[in-house]
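None of the values given here were measured: they were computed from a predicted structure. Indexing begins at 1, ligand by ligand and atom by atom, following the structure's order.
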Amino acid sequence: MKKEDIQQVISELQALKCETLKDVEEARVHFLGKKGVITALFEEFRTVDREQKAEFGRPLNELKQLAIAKVEELRDSLALSEAASGPREDLSMPGDTLELGSRHPVSIVRKEIVDIFRKFGYDVAEGPEIEDDYHVFEALNFPPNHPARDMQDTFFISAGHPNPLLLRTHTSSVQVRAMEKMSLPIRVICPGRVFRNEAISARAHCIFHQVEGLYIDENVTFADLKQAILLFAREMFGPDTQIRMRPSYFPFTEPSAEVDVSCNICHGKGCNICKGTGWLEILGCGMVDPNVLKASGIDPEKYSGFAFGMGLERIAMLKWQVNDLRHYFENDLRFLREFSTAVEV
Ligand code: PHE
């Protein structure tokens, strides 16, 4: 073993330059690998005479440390510069999720109802939310002292006027406008937002949505009304749905009825949604009062008709068993997301 051999490797190490991390690894193998030059020197050292060991041992160990340090230094500086010039993003990070919008449950129900009546040949009509007393009450045969005309129930905008402006309390006002404008026979449904001065609770709100319908022709009878409602109920709630009618009162229809459908949850056996009765109330209806026809210039001797009206939040409550009306207005995303799979595109 010669001192120059060690010196030679030291100079080689001092002159060592690497361009890439791959070069560094090759250099490490060349000096320190199993068949590397330093390893070979250690092999040779084993054969050195005992007296000479002290002379070579220390420089050999120093050489090894120098090689390890050099390799580490080169590796660190190259790793840093490669990271700085490479892509800065962490490509393994998950991407941003795309929030998909969905229809509001009330819109889903409105669309379903409108689609059903469109199939039956009904047109869709819309009218103003700010209405006058004439279209909301007077033309619909409300007597002047009817409680609906009270400030308690209706939001008046210009009270005290003979035909004051108000927020419509039902979309029957659109039916009046349809009767004024459309030619006979009339087959129309009127979806829209309505307003009533009610305290907000789980079962009532001051704003809600309706779909009302009107059919006027010659010889329209109560049997036609019953059949239309039955067909609608079966389309909406399933082919086995039964309906029943209970006598009721509305100023604009005579006779009037309230319609129940058989509970589609317990199928008539009785559950907590139908409160054990097996029936769920879904709408009000009746034969258009002759006074209403007359008010809009339609001859009640020649024509007759039926009308019906339902609350969309109520139907949505039945459909999805959401028993607090307020959820439909608060726009809490956690609630709305429940309906995102119900989107029809
Ligand atoms: N307009 C009534 C309401 O708002 C519903 C209805 C419409 C009843 C048509 C009978 C006929 O409650």
Between Val211 and Phe306, is there shared hydrophobic-cluster membership here, with clusters defined by ILVMFWY side-chain heavy atoms closer than 4.5 Å?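 In one cluster: yes.
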Linked, directly or transitively: Val124 and Val109 (ILVMFWY side chains, under 4.5 Å):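 Looking at the clustering, Val109 is in the same group as Val124.
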Which atoms from ligand 1 have a heavy atom of [X] less than 4.0 Å away?
X: Phe252; result: 1 (N), 2 (C), 6 (C), 7 (C), 8 (C), 9 (C), 10 (C), 11 (C)
X: Cys285; result: 8 (C), 10 (C), 11 (C)
X: Phe308; result: 7 (C), 9 (C), 11 (C)

Applying the side-chain contact (heavy atoms from CB on, under 4.5 Å) criterion to Val261, which one of Leu283, Ile282, Leu230, Ile229 satisfies it?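 Only match with Val261 under side-chain contact (heavy atoms from CB on, under 4.5 Å): Ile282.
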Below the 3.5 angstrom mark, is there an N/O of His170, backbone or side chain, next to an N/O of ligand 1?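 For ligand 1, there is an N or O atom that lies under 3.5 Å from one belonging to His170.
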Could an N or O of ligand 1 be found under 3.5 Å from any N or O of Ser172, whether backbone or side chain?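 Yes - when backbone and side-chain N and O of Ser172 are compared with those of ligand 1, one distance drops under 3.5 Å.
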Specify the protein heavy atom at minimum distance from atom 5 (C) of ligand 1: its residue, its atom name, and the distance to 0.1 Å.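 Among all protein heavy atoms, the one nearest atom 5 (C) of ligand 1 is Glu212 OE2, 3.5 Å.
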Would you indicate whether the side-chain heavy atoms of Cys206 and Phe155 approach each other to under 4.5 Å?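 When only atoms from C-beta onward are counted, Cys206 and Phe155 do touch, with a gap below 4.5 Å.
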Is [X] close enough to touch ligand 1? Criterion: a residue heavy atom under 4.0 Å from a ligand atom.
X: Gln175; value: no
X: Phe306; value: no
X: Arg196; value: yes

Is Gln210 touching ligand 1 with its side chain, its backbone, both, or neither, if touching means heavy atoms under 4.0 Å apart?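 Side chain only.
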Check whether Ser296 reaches the backbone of Leu293 with its side chain - one donor and one acceptor, N or O, closer than 3.5 Å.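 No, because the side chain of Ser296 does not come within donor-acceptor range (under 3.5 Å) of the backbone of Leu293.
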Please tell me whether Gln242 and Ser262 have a donor and an acceptor in their side chains that are separated by less than 3.5 angstrom.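 Short answer, no.
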Asp132 side chain to His135 side chain, donor-acceptor N/O pair below 3.5 angstrom: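 There is such a pair between these side chains.
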